[in-house]
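Chain naming here is simple, since letters A, B, ... match the order of the sequence lines and numbering starts at 1 in each.
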Number of protein chains: 2
Amino acid sequence: MFSKSCQYAIRAALYLAVHAVDGARIGVRELADKLEVPQPFLAKVLQQMVRGHLISSVKGPRGGFFLSERNQEVTLKQIVLSIDGPDAFTSCILGLPVCSGTHPCPLHFQAMAYREGLNYQLKYQAIGDLAQRISREEMNI
Amino acid sequence: MFSKSCQYAIRAALYLAVHAVDGARIGVRELADKLEVPQPFLAKVLQQMVRGHLISSVKGPRGGFFLSERNQEVTLKQIVLSIDGPDAFTSCILGLPVCSGTHPCPLHFQAMAYREGLNYQLKYQAIGDLAQRISREEMNI
DNA sequence: TTTGTAAAAGATATGCGGGTCCTTTATTAG
DNA sequence: CTAATAAAGGACCCGCATATCTTTTACAAA
Ligand code: FES
Ligand code: FES
């Protein structure tokens, strides 16, 4: 479904939303440590996200990653789109060259139901909103 | 979601169910040709399926692949299990080490809803049954 | 029994996502 | 201004899914 890069990206963004509050910045070290993912690889993903304006960063002492006001409004969908591209939700689950309702594969309608549901979630949940749910309902990231 | 091997496996099984009727056998050549997948690789997947008793084969002239009576009863779920292993439907969509409802990731419940639907489909649809739907509703495989 | 045919098996290549390392650049505290 | 710090950027490596090729084995028809 999601590539590893994309999973890391989402989890990192959520971690920042929950923990990088009040102007605090968080470094790759802590991030990689808390998410339990390989540090150098996470760094790559993070800078890719910065380039895509999904998260923000400052260099130097007391620097690190954080979410600007704009970044809080970023949706999970934007992250997926930016990292994995648009095909995750539009390609046929059986790998057929085209996914269409007029000549569907046998799993098409069931797969679409699933994907549409998830898609909706991704589309309308901003990082900032999710952060609150996460702390409130003590979810894992 | 599914690996390429698994996609090929499912499509091949369905093709056999639809076309290898009345004791006819179908060779790798035709199969690869019709499904538009790489022939030598498909051959590997097919023999893997034979070993797993998901499909049947005979060597020699007029030989090829087909579905025995037992094979008709095989479900898509068995194919997925045999090719991709059990993790496809039980692992966390964000890659967390465990997927559980008690400490869920933010996408857990939405993802589960989707997956359960698909899972049901895979679990209760036997190849033989699907074959009829496919011809009747002119679906693509 | 012979011969042609087609799958089985094994060894081998390739591409890419995933992962690491090293150097450069920017920032800020002192 | 300087030194310490942390991200950015570039080059590189590795394993595995994917894909290919060659040889061997089994079967069936004649
Ligand atoms: S055609 Fe296969 S999922 Fe739509
Ligand atoms: S915990 Fe992530 S999908 Fe269940």
Side-chain angles (χ1 to χ4, degrees), chain A residues 1-13 16 20 23-33 35-68 71 80 82-85 87-88 94-95, chain B residues 1-13 16 20 23-33 35-68 71 80 82-85 87-88 94-95:
Chain A
M1 184 85 258
F2 300 136
S3 69
K4 276 240 178 345
S5 294
C6 194
Q7 295 177 338
Y8 294 167
I10 293 174
R11 295 178 60 204
L16 289 178
R25 285 82 175 263
I26 296 186
V28 202
R29 198 164 0 249
E30 174 180 346
L31 223 28
D33 201 48
L35 300 181
E36 294 182 284
V37 303
Q39 205 221 76
F41 187 60
L42 179 62
K44 287 298 179 202
V45 176
L46 290 172
Q47 65 193 55
Q48 201 179 335
M49 294 175 81
V50 171
R51 277 198 299 273
H53 305 104
L54 302 170
I55 64 178
S56 307
S57 71
V58 296
K59 295 182 178 183
R62 294 292 306 154
F65 298 91
F66 65 99
L67 300 181
S68 68
N71 295 153
V80 174
S82 171
I83 305 288
D84 275 354
D87 287 354
L94 288 188
Chain B
M1 185 85 258
F2 301 135
S3 71
K4 276 241 180 343
S5 293
C6 193
Q7 295 178 337
Y8 295 167
I10 293 175
R11 295 178 59 205
L16 289 179
R25 285 81 178 264
I26 295 186
V28 202
R29 203 170 352 258
E30 173 181 345
L31 222 28
D33 200 47
L35 300 181
E36 294 182 285
V37 304
Q39 205 221 76
F41 186 59
L42 179 62
K44 284 301 178 199
V45 176
L46 290 172
Q47 66 193 54
Q48 201 180 336
M49 294 175 80
V50 171
R51 275 198 300 272
H53 305 104
L54 302 170
I55 65 178
S56 307
S57 71
V58 295
K59 296 182 178 182
R62 294 293 307 155
F65 298 92
F66 64 99
L67 301 181
S68 69
N71 295 153
V80 174
S82 171
I83 305 288
D84 276 356
D87 287 353
L94 289 187

**Q** So, taking the atom named CD1 in B:I26 and the one named CZ in B:F66, what distance separates them when rounded to the nearest 0.5 Å?
**A**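 The CZ atom of B:F66 is 11.5 Å from CD1 of B:I26, to the nearest 0.5 Å.
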
**Q** At a heavy-atom distance below 4.0 Å, what parts of residues 39-55 of chain A sit against DNA chain C?
**A**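 Contacting residues: A:P40, A:F41, A:K44.
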
**Q** Output the single nucleotide from D:dA6, C:dA7, D:dA19 whose closest atom is nearest the side chain of B:F65.
**A**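 So the nucleotide nearest the side chain must be C:dA7.
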
**Q** Could you give the distance from OG (B:S57) to CE (B:M49), rounded to the nearest 0.5 Å?
**A**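 It is 11.5 Å, given to the nearest 0.5 Å.
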
**Q** Dump the pairs, protein N or O against N or O of nucleotides 13-16 of chain D, anything under 3.5 Å, distances to one decimal.
**A**
none

**Q** Can you tell me how far CD1 of A:I55 sits from CG of A:L46, rounded to the nearest 0.5 angstrom?
**A**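 Between atom CG of A:L46 and atom CD1 of A:I55 there are 4.5 Å.
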
**Q** B:P38 has a side chain; which of D:dT20, D:dA6, C:dG19 sits nearest to it?
**A**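 Shortest atom-to-atom distance from the side chain points to D:dT20.
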
**Q** In terms of side-chain heavy atoms of B:S57, which of C:dA8, C:dG18, D:dA6 is nearest?
**A**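 Looking only at side-chain atoms, B:S57 lies closest to C:dA8.
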
**Q** Less than 4.0 angstrom between a side-chain N/O of A:S5 and OP1 or OP2 of C:dG17, yes or no?
**A**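 No.
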
**Q** Look for any protein N or O under 3.5 Å of an N or O in nucleotides 23-30 of chain C and output each such pair with its distance, or none.
**A**
| unit_1 | atom_1 | unit_2 | atom_2 | d |
| --- | --- | --- | --- | --- |
| C:dA26 | O4' | A:K59 | NZ | 3.4 |

**Q** Rounded to whole Å, please give me the gap between CD in B:E30 and P in C:dA7.
**A**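 Spelled out: CD on B:E30 to P on C:dA7 is 11 Å.
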
**Q** Taking 4.0 Å as the cut-off, does a side-chain nitrogen or oxygen of A:Y8 come that near to OP1 or OP2 on C:dG19?
**A**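 For A:Y8, the contact criterion (side-chain N or O under 4.0 Å from OP1 or OP2 of C:dG19) is met.
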
